[in-house]
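The figures here come from the full heavy-atom set of this structure, side chains too, leaving out hydrogens, waters and symmetry mates. We count ligands from 1, going down the list as the structure has it; atoms in each ligand are counted the same way.
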Amino acid sequence: MSILIRGGTVVTTDGEFRHDVLVNDETIAAVGPDLEAPSGARVIDAGGAYVMPGGIDPHTHMELPFMGTVASEDFFTGTSAAAAGGTTMCIDFAIPGPQESLLEAYQTWRGWAEKAACDYSLHVAVTWWSDQVREEMKTLVRDHGVNSFKHFMAYKNAIMCDDETLVNSFKTAKDIGALCTLHAENGELVYVMQQEIFDKGITGPEGHPLSRPPAVEGEAANRAIRIAQVLGVPIYIVHTSCADSLEAVTRARHEGQRVFAECLAQHLVIDDSVYRNPDWNKAAHYVMSPPFRAKEHQDALWKGLQAGMLQTTATDHCCFCTDQKRAGVDDFRKIPNGTGGVEDRMGVLWHHGVRTGRLTPSEYVAITSTNCAKIFNIFPKKGVIMPGADADIVIWDPNKTRTISVDTHHQNIDFNIYEGMEITGNAAITLSRGLVVWEDDQLKTVRGRGKYVNRPPFAPFWASQHKRNELAEPTAVKRED
Ligand code: URQ
Ligand code: ZN
Ligand code: ZN
């Protein structure tokens, strides 16, 4: 099946081009002016629209077992909602519990993900350390296309890892060409702060941000960055939510250290006033970690994106419905942490990022798709409109307006954190490997059509790190006997 996307403006990180795009079956066959439509091809008129690589969300949690419950969005409903918003690939997380096999967890998540409608991949979490874990990391990289390992520095007594695990995992990752990613909050501090806040009689959702102030994130980000500096390993900080952690990233990057950082669309446009909502449910809906921050932190994040200190945007899509949130009705520490947003990231970032002039369309493509593809080594298969690339394409109507609402979204959750937000600029048509999966506001996703994407080690985007460090090989002093 061929599709000719005619008359649009193709956007890459290098610029905007009035080019047509020819898709043959699952891949992009040609990009250029005035392309011929092969006989029998469907021709899509993209006049007035942007033709961009489908969004890649490097951070989702479909059907995650967490805090005594299971996230309500599954891999089919979640990747379908993503497609409705212009995102054509998600990278999720296989998270073994302490003492559990990483390989078994990976196989479990692969099983769950088989129902995905769009392509996906898996980071694997390292939540404990042993020789077995080291060998399983090697096997996952060698045989299963995993090139990134997640480390939670928070969630004490659950999936939090200590410095021994961080140091050993980082060293192993260096040897096998994998990227270490970090949930950077000091879990010990959170644990103590939660108790203090609770003992003060603050049991509602407003206790959540009070127990994990920005400095708790800043400390952990800086610690991980310094450990990586000493070991000469590239790292990636997930959901950077405040100036404190961004400062640590910025200092390190200014010193030439290979540190990447991600921010969430929701942390850019929602602030901590949400936790003061007198309606318990409405406040609890926003309980996620790191929490929403005071406005000045949003400004810092936007500047971080504009300055290239933040390279990717994500959603940390982790849905818990109101009844699940109410598990913590008497104790905010028991509210399952997580918010949705996989359907709205692309629209929210275009409306608040491009339409405000903060970002150009090319910068938008970089932070919603291309940078992620390069960092996780799936470029140029993914993340670019170019011959040979997978035909993961979003035809973006910059004038299409919609009001975000639980009443109209496709996410499997009973509220929407952006409820009532009117955004201009939305996906008109989404193609997943050449199949039209969203058009005329109708989902046409196919259960199980999504494929697992292998991610090879030693991404050229950052792998040169090794050479630089090896130059500094220490030498012993030769002494006369
Ligand atoms: O921390 C994460 O990334 C997972 C557990 C989702 N929940 C959250 O509050 N961010
Ligand atoms: Zn996290
Ligand atoms: Zn997460």
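Residue Asn337 touches ligand 1 through backbone and side chain together, judged by heavy-atom distances below 4.0 Å.
Close approach to His239 involves these atoms of ligand 1, each under 4.0 Å from a residue heavy atom: 1 (O), 3 (O). Residue Phe66 has at least one heavy-atom neighbour below 4.0 Å for each of these atoms of ligand 1: 5 (C). Close approach of ligand 1 to Cys318 is summarised as follows: ligand atoms under 4.0 Å from at least one heavy atom of the residue are 6 (C). In summary, the atoms of ligand 1 found under 4.0 Å from a heavy atom of Met288, numbered by their order in the structure, are 9 (O), 10 (N). Listed by atom number, the atoms of ligand 1 under 4.0 Å from His59 heavy atoms are 3 (O).
In this model, no donor atom of one side chain and acceptor atom of the other lie less than 3.5 Å apart for Arg345 and Thr368. Judged by distance alone, the side chains of Thr181 and His123 never bring a donor and an acceptor atom under 3.5 Å apart. A donor-acceptor pair shorter than 3.5 Å can be found between the side chains of Arg226 and Gln229. Looking only at atom types and distance, the side chain of Thr312 has a donor-acceptor partner in the side chain of Tyr236 under 3.5 Å away. Using a 3.5 Å distance cut-off with no hydrogens or angles, the side chains of His285 and Thr322 do pair a donor with an acceptor. Asn337 and Ser289 form a side-chain donor-acceptor contact under 3.5 Å, judged by distance and modelled atom types alone.
Counting protein heavy atoms only, atom 4 (C) of ligand 1 is closest to His61 NE2, 3.4 Å. From the protein, the heavy atom lying nearest to atom 9 (O) of ligand 1 is Ser289 N, 2.7 Å. Protein heavy atom closest to atom 6 (C) of ligand 1, with residue, atom name and distance, is Asp316 OD1, 3.5 Å.
Residue Asp316 approaches the Zn ion (ligand 3) most closely through its N/O/S atom OD1. Looking only at its N/O/S atoms, His183 has ND1 as the one nearest to the Zn ion (ligand 2).
With respect to Glu63 and Lys115, a salt bridge is recorded, a charged nitrogen being found less than 4.0 Å from a carboxylate O.
The option with the heavy atom closest to atom 1 (O) of ligand 1, from among Tyr155, Phe320, Phe152, is Tyr155.
Geometrically, Lys374 engages Phe379 in a cation-pi contact defined by less than 6.0 Å to the ring centre and at most 45° from the axis.
Taking backbone and side-chain atoms together, His59 has no N/O/S atom less than 2.8 Å away from the Zn ion (ligand 2). Look at His61 and the Zn ion (ligand 3): an N/O/S atom of the residue is under 2.8 Å from the metal.
In this pair, Phe152 and Tyr155 present their aromatic rings tilted. The plane angle is within the 30 to 60° band.
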